[in-house]
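Residue numbers begin at 1 in each chain, while the letters A, B, ... track the order of the sequences.
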There are 2 protein chains.
Amino acid sequence: MSAREQRQVASDAGLSKQRVVVEAVRLADREGVDGLSMRRLAGALGAGAMSLYHYVASKEELLDAMIDIVFEEIELPPEETDWQSAMRRRAVSARQVLARHPWAIGLMESRTSPGPANLRHREAVTACLRRAGFPVLMATHANWLLDSYVYGFALQEASLPFDTADELADMAEDVFLPQLPPDEFPYLNESAAALVAAGYDPAEEFIFGLDLTAVL
Amino acid sequence: MSAREQRQVASDAGLSKQRVVVEAVRLADREGVDGLSMRRLAGALGAGAMSLYHYVASKEELLDAMIDIVFEEIELPPEETDWQSAMRRRAVSARQVLARHPWAIGLMESRTSPGPANLRHREAVTACLRRAGFPVLMATHANWLLDSYVYGFALQEASLPFDTADELADMAEDVFLPQLPPDEFPYLNESAAALVAAGYDPAEEFIFGLDLTAVL
DNA sequence: ATAGTATACGTACGGTGTACGAGCCAGCGA
DNA sequence: TCGCTGGCTCGTACACCGTACGTATACTAT
């Protein structure tokens with residue numbers, strides 16, 4: 001049995017850039033971006049650390065490719081509907097995807113050159129707006145505004161220390177409120193109580209803000 | 001001359017948590033968050049690496065403290081004006097501060113427990129909205145929406161590979177356009193050209209989107 | 001003088017990204 | 001069939017990272 005066949009037993013297939021990057025995304029989803037090291041990634045692929053460098057020039061490039069995979073998962077604005085619904089759909093999809101890969105939003109700050117999926121995405125969004133009659137500069141304004149909202153929302157969502165309404169209730173009682181003396185933070189106390197009482201659903205919250213964004 | 005006095009010659013003052021964190025912010029501003037290591041930070045302070053741990057329990061805590069310093073720099077909503085102007089002022093200030101410390105936005109994703117300045121800030125904003133007559137839940141909605149826009153805008157701004165309109169023009173010609181075949185990306189080409197022609201000012205762009213945010 | 005505490009740091013350990021070069025092997029021209 | 005080449009894999013090594021641990025010094029209170 002050759003060494004290559006042994007590897008295939010261990011990892012189900014030969015390496016490839018695709019496989020490396022996909023596994024990296026999976027690892028980051030599971031353990032966070034700090035838990036993603038070349039050695040651990042190689043281990044997950046049943047390979048030696050240095051083998052990865054045949055498919056990826058550096059860890060930087062790997063991170064870039066991971067981000068581009070995330071963009072690939074976001075739905076493009078559908079062409080068959082009016083532009084408002086199209087923008088909505090892709091915004092909702094973007095939030096879902098970014099919530100699935102919370103590490104991605106934190107990576108974007110440091111990665112300045114967009115990958116191909118990112119470019120395709122931007123092109124599709126701009127096309128949708130332009131075809132709906134937006135003047136060129138107005139289309140870029142709308143793009144900035146919508147992306148700002150989506151990214152910012154995802155960022156806040158990622159930094160929430162709870163995932164469900166129940167967890168929120170628990171943490172509010174055990175962690176937040178003890179930190180918030182009512183005389184110093186009366187309004188935050190009030191808000192926390194109201195939030196716990198009303199329940200909190202990020203998807204709803206997202207739609208609410210989206211509706212208040214005047215472009216749509 | 002005592003060891004302490006020698007250190008003071010090298011670094012102008014004894015250590016303190018304040019001094020450590022402030023210098024860390026300065027270092028991150030200058031070299032990016034990846035260039036911030038405990039050893040380099042200690043070097044900048046004229047101290048040994050392990051001395052820092054007397055003022056900071058871990059690098060994580062240092063990063064938390066750095067973010068809180070950033071929040072400290074953001075103007076609180078002024079109390080003497082109407083709530084719209086107050087929200088605007090603090091949003092504009094937040095963008096400026098986050099543009100000054102681009103690393104901060106990328107750190108927020110991973111840091112889940114807000115520091116004291118952050119809390120004070122949120123309290124002040126919520127107070128402003130509540131006193132203006134917002135119902136409790138509406139105030140948190142408005143908070144989410146505005147923060148989303150501000151953070152998302154800052155994130156996009158941080159990931160721009162240029163700082164001035166001139167740099168934009170240069171990079172568009174030398175870097176972007178060659179990457180964007182006009183037949184594949186017609187609308188992005190159009191946008192790039194229009195942007196270069198019109199010039200680009202993030203502060204203006206920010207205000208434009210802020211105006212379209214229906215809460216205000 | 002003595003004890004205790006606050007401050008500073010040297011050393012060392014296990015981790016990181018990755019440069020370098022050696023090995024393996026399929027495929028191919030002779 | 002031989003030998004070579006080029007793609008692929010990986011072991012080793014280096015510089016750097018965060019930080020556990022122990023120690024040295026200076027200052028304060030007794």
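- Using a 4.0 Å cut-off between a side-chain N of Lys or Arg and a carboxylate O of Asp or Glu, B:K17 and B:E61 qualify as a salt bridge.
- Put simply, CG on B:L41 is 14 Å from C1' on D:dT19, counting in whole angstrom units.
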Using atom types as modelled, flag every donor-acceptor pair under 3.5 Å from a side chain in residues 167-187 of chain A to any protein atom, sequence neighbours excluded.
unit_1, atom_1, unit_2, atom_2, d
A:E167, OE1, A:D163, N, 3.3

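- Within the 4.5 Å cutoff, no side-chain heavy atoms of B:H54 are placed close to those of B:S51.
- Atom P of nucleotide C:dG14 and atom CG of A:D34 are separated by 21 Å, given to the nearest angstrom.
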Item checked: Intra- and interstrand pairs of DNA chain C - dot-bracket, Watson-Crick/G-U under 3.5 Å, | marks other strand -> ||||||||||||||||||||||||||||||
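- Between B:M50 atom CE and D:dA24 atom C1' there is a gap of 15 Å when expressed in whole angstrom units.
- Remark: A:R120 engages no residue in a side-chain hydrogen bond (donor to acceptor under 3.5 Å, both in side chains) (not counting sequence neighbours).
- Dashed line: the shortest gap from a side-chain N or O of B:Y53 to OP1 or OP2 of D:dC21 is not under 4.0 Å.
- Rounded to whole angstrom, the span from the CG atom of B:L45 across to the C1' atom of C:dA8 amounts to 13 Å.
- For D:dC10, one of the phosphate oxygens OP1 or OP2 lies less than 4.0 angstrom from a side-chain nitrogen or oxygen of A:S51.
- No side-chain heavy atom of A:E23 sits less than 4.5 Å from a side-chain heavy atom of A:L52.
- Residues meeting the side-chain hydrogen bond (donor to acceptor under 3.5 Å, both in side chains) test with B:Q18, sequence neighbours left out: none.
- Residues B:V97 and B:F71 form no side-chain contact, since every pair of their non-hydrogen atoms from C-beta on lies 4.5 Å or further apart.
- Phosphate proximity of D:dT9 to A:H54: absent, as no side-chain N or O sits under 4.0 Å from OP1 or OP2.
- Under the ring pair (Phe, Tyr, Trp, His ring centres under 6.0 Å) criterion, no residue pair touches residues 16-43 of chain A, with sequence neighbours excluded.
- Between the C1' atom of D:dT19 and the CD atom of B:E60 lies a distance of 13 Å, rounded to the nearest Å.
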Look for any protein N or O under 3.5 Å of an N or O in nucleotides 13-17 of chain D and output each such pair with its distance, or none.
unit_1, atom_1, unit_2, atom_2, d
D:dC17, OP1, B:S37, OG, 3.0

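- Using bins of under 30°, 30° to 60° and over 60° for the plane-to-plane angle, the ring pair B:F206/B:F153 lands in the perpendicular bin.
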